[in-house]
Engineer: 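Quick one: the structure is below, questions incoming.
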Amino acid sequence: MWIDAHLDSIKKETESTWRFFIKISDKNFSLIAGQFIQVKIDDIVRSYSVASLIDNKNVIELIIVKLDGGKMTNYLFNKIKIGKSFKIKGPLGKFILPEKIDRDIFFISTGTGIAPFRSMLQYIEKNKIKHLNIFIIFGTRSKKDILYYDEMIKLSSKKNIIYIPTLSREKWSGNNGYVHSIYEKILNDEEGLINPLFYLCGWRDMIKEARSKLKNLGIDSKSIKLEIYG
Ligand SMILES: Cc1cc2nc3c(=O)[nH]c(=O)nc-3n(C[C@H](O)[C@H](O)[C@H](O)COP(=O)(O)OP(=O)(O)OC[C@H]3O[C@@H](n4cnc5c(N)ncnc54)[C@H](O)[C@@H]3O)c2cc1C
């Protein structure tokens, strides 16, 4: 069922990645952190993970990267006006947290793949959900492309939340290289990880590689959850 929504506001997170705030008409709309929606504007339909919880004004946030030649993103970055009405469907998907978090969790993403993890982290924070270690491993090219940096740094001051951004094209004081080297090192070095559960989100190549590396490291496929963007 398609539901009425409109564009409430936009915030630029980086030059090519913007946050779109969507107001949903249906007051009964509810969401499990980590799920996605479909957005239908004119004849274009695309899926987007929800990067937030629903706020008290019935607004949700999407974080979207512009793709050269992309139909929907060209519309969203060049044409859409605040207040534009469109339809959404959802929420959809099973990329969600377990009911009880009694395992160490790895959130592994590149670029806008961080969206469902931000929603899950907001849920954990807001509801004071008990958890074990949560490793947030985020890869991008350069420091200016890191998404939600200040927020993640603040979160990682909390017990058991370990935020590890890594850059593939710029030297800096933090980690360099791809996300793979980060979780490989943790799995090799950390003794006493508790039945780790892996969430991978983003574009197909990163996910394919991570999945095969994790399997080679002895992780069961039931402990690897995937959300593939395309
Ligand atoms: C479950 C799910 C959740 C998603 N959540 C998000 C999200 O939170 N944020 C977000 O930004 N996107 C997300 N996506 C991707 C989104 O649905 C669109 O595919 C994306 O915005 C591109 O749409 P478009 O119409 O602009 O491009 P299209 O017109 O569909 O494609 C344009 C061209 O770009 C190519 N292309 C597509 N992806 C890539 C890529 N990663 N790198 C290089 N070239 C590419 C295509 O092959 C095509 O040639 C999600 C996808 C799924 C399935």
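Not measured: the values here are computed from a predicted model. Just so you know, ligand 1 is whichever comes first in the structure, and atom 1 is the first atom listed for that ligand.
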Engineer: Can a protein heavy atom be found under 4.0 Å away from atom 13 (C) of ligand 1?
Structural biologist: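 So far as the 4.0 Å threshold goes, atom 13 (C) of ligand 1 is in reach of a protein heavy atom.
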Engineer: Which ligand 1 atoms does Val65 reach within 4.0 Å, using its non-hydrogen atoms?
Structural biologist: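 The list of qualifying atoms is 11 (O).
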Engineer: Within the 4.5 Å heavy-atom criterion, are Thr17 and Asp145 side-chain neighbours or not?
Structural biologist: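 Counting from C-beta outward, Thr17 and Asp145 never come under 4.5 Å.
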Engineer: Does an N or O anywhere in Thr112 fall below 3.5 Å from an N or O of ligand 1?
Structural biologist: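 So ligand 1 has an N or O lying under 3.5 Å from an N or O of Thr112.
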Engineer: May I ask whether Ile44 places a heavy atom under 4.0 Å from ligand 1?
Structural biologist: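 For ligand 1, residue contact (heavy atoms, under 4.0 Å) with Ile44 is absent.
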Engineer: Select the closest option to atom 25 (O) of ligand 1 among Arg46, Gln38, Arg118, Gln35, judged by heavy-atom distance.
Structural biologist: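 It is Arg46 whose heavy atom sits nearest to atom 25 (O) of ligand 1.
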Engineer: Among Trp18, Trp203, Tyr229, which one has a heavy atom closest to atom 4 (C) of ligand 1?
Structural biologist: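 Answer by nearest heavy atom: Tyr229.
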Engineer: Any idea which protein heavy atom is nearest atom 31 (O) of ligand 1, and the distance to it?
Structural biologist: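 Here the nearest protein heavy atom works out to Gly70 CA, 4.2 Å.
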Engineer: Backbone or side chain, does any N or O of Met72 fall under 3.5 Å from an N or O of ligand 1?
Structural biologist: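 Met72 vs ligand 1: N/O contact under 3.5 Å present.
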Engineer: Using a strict threshold of under 4.0 Å (side-chain N to carboxylate O), is an ion pair present between Glu190 and Lys185?
Structural biologist: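 Judged by the 4.0 Å cut-off on N to carboxylate O distance, Lys185 and Glu190 do not form a salt bridge.
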Engineer: Write out the residue and atom name of the closest protein heavy atom to atom 9 (N) of ligand 1, then the distance separating them to 0.1 Å.
Structural biologist: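 In this structure, atom 9 (N) of ligand 1 has Ile63 O, 2.9 Å as its nearest protein heavy atom.
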Engineer: Under a 4.0 Å N-O cut-off, is there an ion pair linking Glu15 with Lys66?
Structural biologist: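 A salt bridge is absent here (no side-chain N lies under 4.0 Å from a carboxylate O).
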Engineer: If the plane angle is over 60° it's perpendicular, under 30° parallel, otherwise tilted; pick one for Tyr199 and Phe117.
Structural biologist: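 Perpendicular.
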Engineer: Tell me the protein heavy atom at minimum distance from atom 26 (O) of ligand 1, and give that distance in Å.
Structural biologist: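 It is Thr73 OG1, 2.7 Å.
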Engineer: Using modelled atom types only, decide if a donor and an acceptor are shared between the side chain of Ser52 and the backbone of Glu61 within a distance under 3.5 Å.
Structural biologist: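 It does hold such a pair.
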Engineer: Please list the nearest protein heavy atom to atom 33 (C) of ligand 1 with its residue and the distance rounded to 0.1 Å.
Structural biologist: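 So the nearest neighbour among protein heavy atoms is Asp68 O, 4.5 Å.
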Engineer: Report yes or no: do Ser223 and Asp220 form a side-chain donor-acceptor pair below 3.5 Å?
Structural biologist: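 No, Asp220 and Ser223 have no side-chain donor paired with an acceptor closer than 3.5 Å.
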Engineer: Would you mind listing which atoms of ligand 1 come within a distance below 4.0 Å of any non-hydrogen atom of Ile64?
Structural biologist: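 In order of number, 11 (O).
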Engineer: With the side chain counted from C-beta on, respond yes when Ile161 and Ile136 share a heavy-atom pair under 4.5 Å apart, and no when they do not.
Structural biologist: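 Yes, close enough: below the 4.5 Å cut-off.
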Engineer: Test side-chain contact (heavy atoms from CB on, under 4.5 Å) on Tyr229 and Met206; report intermediate values, then the result.
Structural biologist: CA-CA 11 Å; Tyr229 280 4; Met206 181 281 279; over 6 Å; no
Engineer: Can you check side-chain contact (heavy atoms from CB on, under 4.5 Å) on Gln38 and Ile88, steps first, answer last?
Structural biologist: CA-CA 5 Å; Gln38 287 190 315; Ile88 67 154; over 6 Å; no
Engineer: For ligand 1, which atoms have a heavy atom of Ile228 less than 4.0 angstrom away?
Structural biologist: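 Ligand 1 atoms under the 4.0 Å threshold to Ile228: 52 (C), 53 (C).
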Engineer: May I ask you to identify, for Phe36, whether its side chain, its backbone, both or neither come under 4.0 Å of ligand 1 on a heavy-atom basis?
Structural biologist: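 It is the side chain that touches ligand 1; the backbone stays farther off.
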Engineer: Is the ring pair Trp172/Tyr149 parallel, tilted or perpendicular, if the boundaries are 30 and 60 degrees?
Structural biologist: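 Trp172 and Tyr149: tilted rings.
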Engineer: Output the list of atoms in ligand 1 that are nearer than 4.0 Å to some heavy atom of Lys71, sorted by atom number.
Structural biologist: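 The atoms of ligand 1 under 4.0 Å from a heavy atom of Lys71 are 24 (P), 25 (O), 26 (O), 27 (O), 28 (P), 29 (O).
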Engineer: Can you find an N/O atom of Glu227 closer than 3.5 Å to an N/O atom of ligand 1?
Structural biologist: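 Not met; the criterion fails.
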Engineer: Does ligand 1 have any atom that is closer than 4.0 Å to a heavy atom of Leu62?
Structural biologist: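 Not so, Leu62 does not reach ligand 1.
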Engineer: With a 3.5 Å cut-off and no angle check, do the side chains of Thr110 and Tyr178 form a donor-acceptor pair?
Structural biologist: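 The criterion, which ignores hydrogens and geometry beyond distance, is not satisfied for Tyr178 and Thr110.
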Engineer: Salt-bridge test for Lys84 and Asp42: reply yes if a basic N is under 4.0 Å from a carboxylate O, no otherwise.
Structural biologist: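 Yes, Lys84 and Asp42 are salt-bridged.
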Engineer: Can we say Glu170 and Lys144 salt-bridge, meaning some charged N sits less than 4.0 Å from an Asp/Glu carboxylate O?
Structural biologist: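 Salt bridge between Glu170 and Lys144, a charged N being under 4.0 Å from a carboxylate O: no.
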Engineer: Please say whether Ser47 places an N or O atom under 3.5 Å from an N or O atom belonging to ligand 1.
Structural biologist: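 So ligand 1 has an N or O lying under 3.5 Å from an N or O of Ser47.
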Engineer: Which residue and atom name correspond to the protein heavy atom nearest atom 21 (O) of ligand 1, and how close is it?
Structural biologist: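 It is Tyr48 OH, 2.7 Å.
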Engineer: Nearest heavy atom to atom 42 (N) of ligand 1: which of Val45, Thr17, Leu67 does it belong to?
Structural biologist: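 Nearest option to atom 42 (N) of ligand 1, by heavy atoms: Leu67.
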Engineer: Under 4.0 Å and counting heavy atoms only, is there anything from the protein next to atom 48 (C) of ligand 1?
Structural biologist: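 Given the 4.0 Å cut-off, atom 48 (C) of ligand 1 does not count as touching protein heavy atoms.
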